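Structure first, then comments.
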Amino acid sequence: DDGDVNVHPGAAEVYCDGVLQDCDGSDVDVLVQPGDSVQAAIDAATDGDAICVEAGTYQESLVIDRTLHLASYSGAETTILLGTGAGRVILVDGAPDTSIRGFTITGGLVDDALDFEGRGGGVLIANGSDRTSATECVITGNESDFDGGGLAGVDSAELFVQGNRITDNLAGDGAGMYLLDASECL
């Protein structure tokens, strides 16, 4: 009984599954439906909110600058974050304890002319975004002229990247994944 705080207290929440694992009575704070903007939901969210994204294709470049939990409701096969073709798909910037789960992340393009860092065509986790996780994602078809076509971790510690499929990305170094000044990565 996950509704009873005395049963499994402190268990990790699996966002967007409709079941309260953490026993605190919370689950989804913001729901994004087809036609909505994921970035608008991120902008409206408060620190620590869970944003659940329903199945669909969302063509945006996302910036997460506070602790958030971004998850798809139906998984990577049906929930696609499609880049605009000019910039990365997701930037996690100075947002510790953030999680990204269950998306196909594709269509990111970063080059020196567009972004001085030139890293992370699909996802860039940077600037103290410690303990950030990316799980159950398909990261494919992204490009970076410099490093980390699929995913790059820069100046962040304890990154958790597990259960992802990272394929068919292009970069100068680390086409799939690239880490720079990132410690304790799993």
Side-chain angles (χ1 to χ4, degrees), residues 2 12-22 26-93 95-110 120-126 129 131-144 148-153 159-170 175-177 186:
D2 290 324
E13 176 68 82
V14 177
Y15 297 96
C16 299
D17 69 352
V19 180
L20 304 176
Q21 280 90 6
D22 64 2
S26 68
D27 192 17
V28 175
D29 297 300
V30 181
L31 179 64
V32 179
Q33 299 174 316
D36 293 347
S37 166
V38 178
Q39 185 63 56
I42 291 168
D43 293 343
T46 60
D47 198 44
D49 274 357
I51 300 171
C52 185
V53 181
E54 288 189 352
T57 298
Y58 301 84
Q59 187 171 14
E60 301 181 63
S61 292
L62 306 178
V63 177
I64 301 172
D65 60 1
R66 66 183 83 65
T67 299
L68 295 175
H69 307 286
L70 183 65
S72 70
Y73 190 78
S74 301
E77 296 76 25
T78 58
T79 312
I80 301 161
L81 299 177
L82 176 63
T84 62
R88 70 183 49 83
V89 181
I90 302 174
L91 169 62
V92 181
D93 188 14
D97 301 305
T98 290
S99 63
I100 301 165
R101 183 179 60 85
F103 294 97
T104 291
I105 300 168
T106 189
L109 173 63
V110 177
V123 180
L124 175 61
I125 301 169
S129 296
R131 300 169 306 280
T132 290
S133 66
T135 58
E136 301 173 27
C137 292
V138 175
I139 303 172
T140 187
N142 300 288
E143 186 174 346
S144 169
L151 182 145
L159 302 181
F160 184 74
V161 180
Q162 183 178 16
N164 299 291
R165 192 173 56 218
I166 304 175
T167 63
D168 299 320
N169 299 287
L170 300 171
M177 189 166 94
L186 301 173

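The basis for the numbers below is simple: all heavy atoms, side chains too, and nothing from hydrogens, waters or symmetry mates. By convention here, the first residue in the shown sequence is residue 1. Because the structure is predicted, anything quoted here is derived from the model rather than measured.
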Look up atom [atom1] in [X] and atom [atom2] in [Y], then write down how far apart they are to the nearest 0.5 Å.
| X | Y | atom1 | atom2 | value |
| --- | --- | --- | --- | --- |
| E77 | E136 | CD | CD | 9.5 Å |
| E143 | L109 | CD | CG | 5.5 Å |
| T167 | N142 | OG1 | CG | 9.5 Å |
| I42 | L62 | CD1 | CG | 4.5 Å |
| T98 | I125 | OG1 | CD1 | 9.0 Å |

Indicate the atoms forming the closest heavy-atom contact of [X] with [Y], along with that distance.
| X | Y | answer |
| --- | --- | --- |
| G149 | N169 | C-CB, 3.9 Å |
| G102 | C137 | N-SG, 3.7 Å |
| P34 | A55 | CG-O, 3.2 Å |
| S99 | S133 | CB-OG, 3.2 Å |
| V32 | I51 | CG2-CG2, 3.8 Å |
| I105 | G122 | CG2-O, 3.7 Å |

Side chains of [X] and [Y]: closer than 4.5 Å at any heavy-atom pair?
| X | Y | value |
| --- | --- | --- |
| V89 | T106 | no |
| L70 | V38 | yes |
| T79 | Y73 | no |
| L124 | V110 | no |
| I100 | V92 | yes |
| T140 | R165 | no |

Please check if the side chain of [X] supplies one atom and the backbone of [Y] the other of a donor-acceptor pair under 3.5 Å.
| X | Y | result |
| --- | --- | --- |
| S61 | G83 | no |
| N164 | A134 | yes |
| T104 | A76 | yes |

Salt bridge (charged side-chain N to carboxylate O under 4.0 Å, His left out) between R66 and D47: does it pass, once the steps are laid out? CA-CA 6 Å; R66 66 183 83 65; D47 198 44; 5.9 Å; no
For L68, run the side-chain contact (heavy atoms from CB on, under 4.5 Å) check against D97, D29, D49 and tell me which one passes. D49
Would you list the pairs meeting side chain to side chain donor-acceptor pair (under 3.5 Å) in which at least one residue belongs to residues 50-60, sequence neighbours left out? S37-E60
